[in-house]
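Model, not experiment: these values are computed from the prediction.
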Amino acid sequence: LTKSTKFSSIREIEFLYYEFKRHVFIPEKKDCPPAFKPTMNFEQFENMMPPCFSNKEHYRLTLQSLFTVFKWGTNSVTFDCWVRAMSVICRGTPADKLPLMYDVLMDPVQRTISQNSLRFVLGEFSKLGLACASVRNAIPTHNDVEFIIRSLFSDNVPVLNLQQFSQRVMQHISNPNHPEPWKMLMDGFGMFPYIYFNFCYHVEQILAKSEQLLTFKPHKEGWLIKHSRGAIATEKWARHWTIVE
C-alpha cells in the first residue's frame, strides 16, 4: 500500500489499520479463512468517522455520500478501499481528488452531476459549518454553493460527466487568482481537512517526533504495554511502540 497510495510511511498505514480493525469484526487467526477480507457496513463506517456535534442529520447524509466513494467501485468498504480513498483525501492533488469529488456530487441514479445534485450535496456539506484550511479556515456558505453552480453550468448544459466536470474545475483552479469557492470545493467544503486532522495529522506529528528522538544518543525504543482492569472481571490491554529520549 505504500507503493500504490500516497502514504509513504508504513506507520501511517498501521495506524489506519488499527482504526479500521477497531470497528469491524476480524476472527482469530486460527479461525480466519485464507482469503478473508474484513468489510465495513455503513453503521460501522459512521462510527469510525470523526463525530460532528452540530447538524447531525446533515452530517449523516454527507457520510452516506462519502461511503459510496470509500467503497471504491466495490460492494463494501475493505481496508484496501479505505486506505486508497484516505490517501486521495489527505495527500491527493486536485487532479487526484476530482474523480472522488465527482462520485460524491453526482446523482446516484443518473450517475452524472446536475445542478440539483450539486446544490443538494454541497448544500448539505455547507450546513455542517466545517472550516476550509486552504482559505484561512473560512466556512462555506450558500453563496459559495451558488457561485460554483453558476460557473460550472454557465452554458446551461443539463448534466456534466466526469470528463466535463474535471475539465471545467481544472480550468478554474489552474488560475493562481481563482476565487475562494474553488479552494473550498477542493477541500470538500471542509470535510477533507476535518478527516485529515482526525486521522493523519497527529500521526505525522508523532512520526516527526519519533525521527527526532531517534537522532539522540542514547535513546530506548520498544513495546510499551498498558494494562487496566475493566468492569466485572474484564481487562484491557494496549500495546504501543514507544521511543524514550
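The ring pair (Phe, Tyr, Trp, His ring centres under 6.0 Å) analysis of residues 88-108, with sequence neighbours excluded, yields the pairs Y102-F165. Screening residues 179-191 for side-chain hydrogen bond (donor to acceptor under 3.5 Å, both in side chains), with sequence neighbours left out, gives S134-D187, R136-E180. Sequence neighbours left out, not one pair with a member in residues 107-145 passes ring pair (Phe, Tyr, Trp, His ring centres under 6.0 Å). Listed by first and then second residue, the salt bridge (charged side-chain N to carboxylate O under 4.0 Å, His left out) pairs that reach into residues 102-122 are R119-E146, sequence neighbours excluded. Sorted by first and then second residue, the pairs that involve residues 149-163 and meet side-chain hydrogen bond (donor to acceptor under 3.5 Å, both in side chains), not counting sequence neighbours, are D155-R168. The side-chain hydrogen bond (donor to acceptor under 3.5 Å, both in side chains) pairs that include a residue from residues 88-99 are K6-D96, E12-R91, R91-E204, T93-D96, where partners are two or more places apart or lie in different chains.
Smallest separation of non-hydrogen atoms from P140 and C132: CG-SG, 3.7 Å.
A distance-only check finds no donor-acceptor pair linking the side chain of N175 to the backbone of H172 [under 3.5 Å]. In this structure, S117 contributes its side chain and L105 its backbone to a donor-acceptor pair below 3.5 Å.
L66 has its side chain within reach of I195: a pair of non-hydrogen atoms, C-beta onward, lies under 4.5 Å apart. Taking 4.5 Å as the limit, every side-chain heavy atom of M49 sits out of range of all side-chain heavy atoms of N198. Between M101 and F192 there is a side-chain heavy-atom pair separated by less than 4.5 Å. V104 places a side-chain heavy atom less than 4.5 Å from the side chain of V121. Side-chain contact check for E14 versus Y18: every heavy-atom pair is 4.5 Å or farther apart. Side-chain contact between F189 and P181 is absent, with no heavy atoms from C-beta onward closer than 4.5 Å. Using a 4.5 Å cut-off on side-chain heavy atoms (C-beta onward), L118 and L152 make contact.
For L130, the side-chain contact (heavy atoms from CB on, under 4.5 Å) criterion is met by L128, M191, Y194, not counting sequence neighbours. A138 pairs by the side-chain contact (heavy atoms from CB on, under 4.5 Å) definition with V135, M184, not counting sequence neighbours. In this structure F79 satisfies the ring pair (Phe, Tyr, Trp, His ring centres under 6.0 Å) test together with Y17, F20, sequence neighbours excluded. Applying the ring pair (Phe, Tyr, Trp, His ring centres under 6.0 Å) test to F153 and every residue at least two apart in sequence or in another chain returns nothing. The side-chain contact (heavy atoms from CB on, under 4.5 Å) test applied to E19 returns F15, R22, H23, W82, F199, not counting sequence neighbours. By the side-chain contact (heavy atoms from CB on, under 4.5 Å) test, C200 is found to be paired with F7, M86, C90, Y196, residues two or more places apart in sequence or in another chain being considered.
Using a 4.0 Å cut-off between charged nitrogen and carboxylate oxygen, K127 and E124 count as a salt-bridge pair.
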